[in-house]
Amino acid sequence: MFGASRKNRQGSRVGIDISSTTVKLLELSESNGGYRVEAYSVASLPQGAVFEKNINNVGEVATAIQSVMHQSRSRATEVVAAVSGSSVINKVIAMPAGLTDEELETQIALEADQYIPYPLEEVALDFEIQGPTPGRDDQVDVLLAACRRETIDSRVEALELAGLTPKVIDVEAYSMERAYELIRPIAGVDPAATVAVVDIGATMTTLSVLNQGANTYTREQTFGGKQLTDEIMRRYGLPLREAGLAKKQGGLPDGYEEEVLTPFKEAVVQQVGRSLQFFYSSSSFNSVDHIFLAGGVAATDGLVSLVENRLATPTTIGNPFANMSISPRVNAVALSGDAPAMMVAAGLALRAMD
């Protein structure tokens with residue numbers, strides 16, 4: 001959204017998701033009316049390289065990007081990345097109908113300081129016409145998006161340092177919209193439904209509420225799977241890497257599930273419920289029709305049924321690859337395990353096809 005779209009090298013449709021703890025790469029192609037996974041990889045980031053999705057160490061992030069490019073064997077040169085919802089200001093404003101894009105751009109630049117709490121020279125602006133303003137034939141609704149340039153520039157710098165060209169710097173919330181359209185039909189959810197996509201990563205939980213497929217609410221909170229890893233480290237005296245592996249692969253003492261995992265799952269349910277209550281209190285909604293769990297925590301055994309039962313709402317794990325074919329060079333088992341954490345990357349790869 002914030003970058004001028006350049007023609008992508010044929011066959012290169014790559015999204016790179018830079019989170020607080022990992023870099024994820026996904027390359028998709030179109031195949032027989034559907035999509036095919038051509039390459040994917042995940043690389044860990046050094047602690048502190050990215051804090052709450054803001055890049056602190058460009059060099060370390062660039063090294064991780066080079067790592068996922070090498071591991072995935074992708075030959076892409078152009079990619080799509082994103083900035084997170086918390087660093088982006090979105091506002092729907094009414095503008096006169098009939099203006100050209102150039103005239104709209106000029107008008108928005110004149111009025112933007114009413115909506116943006118930063119000096120305009122520090123901000124990148126973009127806009128998209130949403131359609132006619134309800135009840136006004138002479139106006140159109142325009143979605144205005146703004147992000148501080150330093151947030152965008154750090155991502156561009158890391159990608160370029162890794163030898164890549166950023167085709168577009170998108171917004172995570174819009175990437176989630178596109179990924180949602182991959183998982184909605186699989187769960188049999190009505191296109192007009194109101195759904196919550198709860199992406200629970202290592203350190204951040206992002207709630208995205210979509211109504212009729214469009215994002216209406218995004219909220220990020222500091223909570224994630226690292227809390228479970230930290231408790232494993234504390235209780236069993238394991239270093240970080242070993243605790244992370246034990247969490248995924250098992251091998252912990254008999255009391256682990258009851259004493260550590262169950263309390264963590266309860267905390268997740270409370271977090272999801274609390275996030276939804278924040279949404280209800282700040283909107284005209286008082287329920288959602290479906291909950292999708294995404295992020296690395298989503299695949300935790302028993303979590304889906306626990307959320308569904310406690311919140312009395314149908315709940316599904318988000319797997320954007322369920323209806324995709326997979327290249328023989330992709331590790332299908334690993335991809336399946338990582339699928340809930342690849343929602344943003346999937347949305348970015350789809351943006352690369354635009």
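Worth knowing before you read on, the calculation uses all heavy atoms, side chains too, and leaves out hydrogens, waters and symmetry mates. This chain uses plain numbering: 1 for the first residue, then up along the sequence.
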(request) Hey, could you give me the CG/OG distance between N331 and S41, rounded to the nearest 0.5 Å? (result) 10.5 Å
(message) Working note: S87 + K53, criterion side-chain contact (heavy atoms from CB on, under 4.5 Å); need CA distance, chi angles, decisive distance, verdict.
(response) CA-CA 9 Å; S87 64; K53 298 187 179 179; over 6 Å; no
(request) Answer whether the closest heavy-atom distance between the side chains of D190 and D289 falls below 4.5 Å. (result) no
(request) Look at the side chain of S74 and the backbone N and O of S72, then say whether any donor-acceptor pair between them is shorter than 3.5 Å. (result) no
(message) What verdict does the side-chain contact (heavy atoms from CB on, under 4.5 Å) test give for I16 and L25, after you've listed the backbone C-alpha separation in whole Å, the side-chain angles of each residue and the deciding distance to 0.1 Å?
(response) CA-CA 5 Å; I16 291 186; L25 176 147; 4.2 Å; yes
(message) When you compare the side chains of S275 and Q221, does any donor N or O come within less than 3.5 Å of an acceptor on the partner?
(response) yes
(request) Could you tell me whether R310 and E266 make a salt bridge, using a distance below 4.0 angstrom between a side-chain N and a carboxylate O? (result) yes
(request) State whether the number of non-hydrogen atoms from other residues, nucleotides or ligands found under 6.0 Å of R329 atom CZ is greater than 12. (result) yes
(request) Would you mind telling me which of T22, I55, T21, V61 makes a side chain to side chain contact (heavy atoms under 4.5 Å, CB included) with L45? (result) V61
(request) Decide whether L293 and M204 are clustered together by the hydrophobic rule: side chain heavy atoms of Ile, Leu, Val, Met, Phe, Trp, Tyr closer than 4.5 Å, transitively. (result) no
(message) Please determine whether the number of non-hydrogen atoms from other residues, nucleotides or ligands lying under 6.0 Å from atom OH of Y280 exceeds 12.
(response) yes
(message) Is it the case that the side chain of R184 and the backbone of V189 share a donor-acceptor pair, with hydrogens and angles ignored and the cut-off at 3.5 Å?
(response) yes
(message) Could you report the tightest heavy-atom contact between K265 and D301, atom names first, then the distance?
(response) NZ-O, 2.9 Å
(request) Indicate whether the side chain of E103 and that of Q107 have a donor and an acceptor atom separated by less than 3.5 Å. (result) no
(message) Taking T151's backbone N and O only, do any of them form a donor-acceptor pair with S154's side chain (distance below 3.5 Å, no angle check)?
(response) yes
(message) According to salt bridge (Lys or Arg N to Asp or Glu O under 4.0 Å), does anything in residues 246-264 pair up with another residue at least two apart or in another chain? List the pairs.
(response) R235-E259
(request) Quick one: sort the Y180 and F292 rings into parallel, tilted or perpendicular, breaks at 30° and 60°. (result) perpendicular
(message) Between Y40 (side chain only) and A334 (backbone N and O only), is there a donor and an acceptor less than 3.5 Å apart?
(response) yes
(request) Please check if the side chain of E172 supplies one atom and the backbone of A82 the other of a donor-acceptor pair under 3.5 Å. (result) no
(request) Establish, from distance only, whether the side-chain atoms of Q271 and T205 form a donor-acceptor pair under 3.5 Å. (result) no
(request) List the atom of L161, the atom of Q66, and the distance in Å for their closest heavy-atom pair. (result) O-NE2, 3.8 Å
(message) Is there a side-chain contact between V330 and F321 in this structure, where contact means two heavy atoms from C-beta onward sitting under 4.5 Å apart?
(response) no
(message) Any non-hydrogen side-chain atom of R155 less than 4.5 Å from a side-chain atom of P166?
(response) no
(message) Is the shortest side-chain heavy-atom distance between L104 and L99 below 4.5 Å?
(response) yes
(message) Give me the atom names and distance for the closest heavy-atom approach of A246 to L238.
(response) CB-CD1, 4.4 Å
(message) Contact between R351 and S175 at the side-chain level, heavy atoms closer than 4.5 Å - yes or no?
(response) no
(message) What I'd like to find out is whether the side chain of F127 reaches to under 4.5 Å of the side chain of I93, using heavy atoms alone.
(response) no
(request) Please answer whether the main-chain N or O of Q130 pairs with a side-chain N or O of D141 as donor and acceptor at a distance below 3.5 Å. (result) no
(message) Between T216 and V209 (side chain of the first, backbone of the second, donor and acceptor by atom type, cut-off under 3.5 Å), is there such a pair?
(response) yes
(request) Determine the minimum heavy-atom distance between A341 and D17, stating which atoms define it. (result) O-OD2, 4.5 Å
(request) Quick one: pull up CG in L303 and CD1 in I200 and give me the separation to the nearest 0.5 Å. (result) 6.0 Å
(message) So does A332 get a backbone contact from the side chain of S336, meaning a donor-acceptor N/O pair under 3.5 Å?
(response) no
(message) Are L182 and V198 connected into the same hydrophobic cluster when the rule is that any two of I, L, V, M, F, W, Y join if their side-chain heavy atoms are below 4.5 Å apart?
(response) no
(request) Following the transitive rule for hydrophobic clusters with a side-chain heavy-atom cut-off under 4.5 Å over Ile, Leu, Val, Met, Phe, Trp and Tyr, establish whether V88 and Y217 coincide in one cluster. (result) no
(message) Taking the side chain as everything from C-beta on, heavy atoms only, tell me whether L348 gets closer than 4.5 Å to L26.
(response) no
(request) Measure the spacing between CG of L311 and CD of Q277 and express it to the nearest 0.5 Å. (result) 9.0 Å
(request) Please tell me if the side chains of L207 and F278 come closer than 4.5 Å, counting only heavy atoms from C-beta onward. (result) no
Can you list, pair by pair, the side-chain donor-acceptor contacts under 3.5 Å of residues 112-125, counting residues two or more places apart and other chains?
from: E122; atom 1: OE1; to: R148; atom 2: NH2; distance (Å): 2.8

(message) Show the nearest heavy-atom pair for residues L28 and M324, with the distance to one decimal.
(response) CD2-SD, 3.8 Å
(message) Taking M233 as the starting point, is it possible to reach F223 by hopping between hydrophobic residues whose side chains are less than 4.5 Å apart?
(response) no
(request) Would you name the heavy atoms of N90 and A145 that are closest together and state the gap between them? (result) OD1-CB, 3.6 Å
(request) Measure the CZ-CZ distance between F279 and R219 for me, rounded to the nearest 0.5 Å. (result) 12.5 Å
(message) Between L276 and V195, is there shared hydrophobic-cluster membership here, with clusters defined by ILVMFWY side-chain heavy atoms closer than 4.5 Å?
(response) no
(message) Tell me whether E177 contacts the main-chain N or O of N215 through its side chain, where contact means a donor paired with an acceptor under 3.5 Å.
(response) yes
(request) Determine, step by step, whether V268 and V272 satisfy the side-chain contact (heavy atoms from CB on, under 4.5 Å) criterion, reporting the C-alpha distance in whole Å, the side-chain angles of both residues, the deciding distance to 0.1 Å, and the verdict. (result) CA-CA 6 Å; V268 172; V272 174; 4.3 Å; yes
(request) Start with the C-alpha gap between I183 and T316, add the side-chain angles, then the distance that decides, and say whether side-chain contact (heavy atoms from CB on, under 4.5 Å) holds. (result) CA-CA 9 Å; I183 63 175; T316 307; over 6 Å; no
